[in-house]
Chemist: 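Supplied in structure tokens, the structure appears directly below.
Just so you know, residue 1 is the first one in the sequence shown, and it goes up from there.
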Amino acid sequence: VYVQFAFAGWHVVGKVALNEGVSPVTFALYREVATTITMACLSLATDGPRRPHGSKQWLLFCLAGFFSFGNVLGFILGLDLTSAFNSAVFQPAIPVISVAVAWIVG
């Protein structure tokens, strides 16, 4: 239940912040930093300290962070152009649209 409220509240909090004049890039950066810290703490609590080994794993780790930031930035830029309600309605449709496009492409 908490996760559902967090996901639902994210659209409203994001829209309020954007309406107050926060830059979408800055807001995305703050969100990613907070998420990184939270996930690192959860990872340390469950698995202990771990690091990727080898240059290829570091590259994949950095690319994953870059594309995660790009995903959040794209959502926030879209949220800046529409309402919190519209973004909350269409966000769950993204995996459905992705599967439909993958099915069509083959």
Chemist: What's in the same ILVMFWY side-chain cluster as Val16, cut-off under 4.5 Å, chained through other members?
Modeler: Val12

Chemist: Could you tell me whether the side chain of Leu73 reaches within less than 4.5 Å of the side chain of Leu77, counting heavy atoms only?
Modeler: yes

Chemist: Where is the tightest heavy-atom contact between Val96 and Pro92, given as atom of each residue plus distance?
Modeler: CG2-O, 4.3 Å

Chemist: Give me the ring orientation class for Trp10 and Phe27: parallel if the planes are under 30° apart, tilted from 30 to 60°, perpendicular past 60°.
Modeler: parallel

Chemist: Which pairs with one or both residues in residues 19-34 pass side chain to side chain donor-acceptor pair (under 3.5 Å), sequence neighbours excluded?
Modeler: Glu32-Ser68

Chemist: Could you see if Phe67 belongs to whatever hydrophobic cluster contains Leu59? Use Ile, Leu, Val, Met, Phe, Trp, Tyr and a side-chain cutoff under 4.5 Å.
Modeler: yes

Chemist: Rounded to the nearest 0.5 Å, what separation is found between the CZ atom of Phe69 and the OG1 atom of Thr36?
Modeler: 11.0 Å

Chemist: In Å and rounded to the nearest 0.5 Å, what is the CG to CG distance from Asp47 to Leu42?
Modeler: 10.5 Å

Chemist: Are His11 and Phe75 close enough that their ring centres sit under 6.0 Å apart?
Modeler: yes

Chemist: If you look at every heavy atom in Leu18 and Ile76, which pair is closest and at what distance?
Modeler: CD1-O, 3.6 Å

Chemist: Donor-acceptor check, side chain of Ser43 to backbone of Met39, threshold 3.5 angstrom: yes or no?
Modeler: no

Chemist: State, to 0.1 Å, how close Leu79 and Gly14 come at their nearest heavy-atom pair, and which atoms those are.
Modeler: CD2-C, 3.7 Å

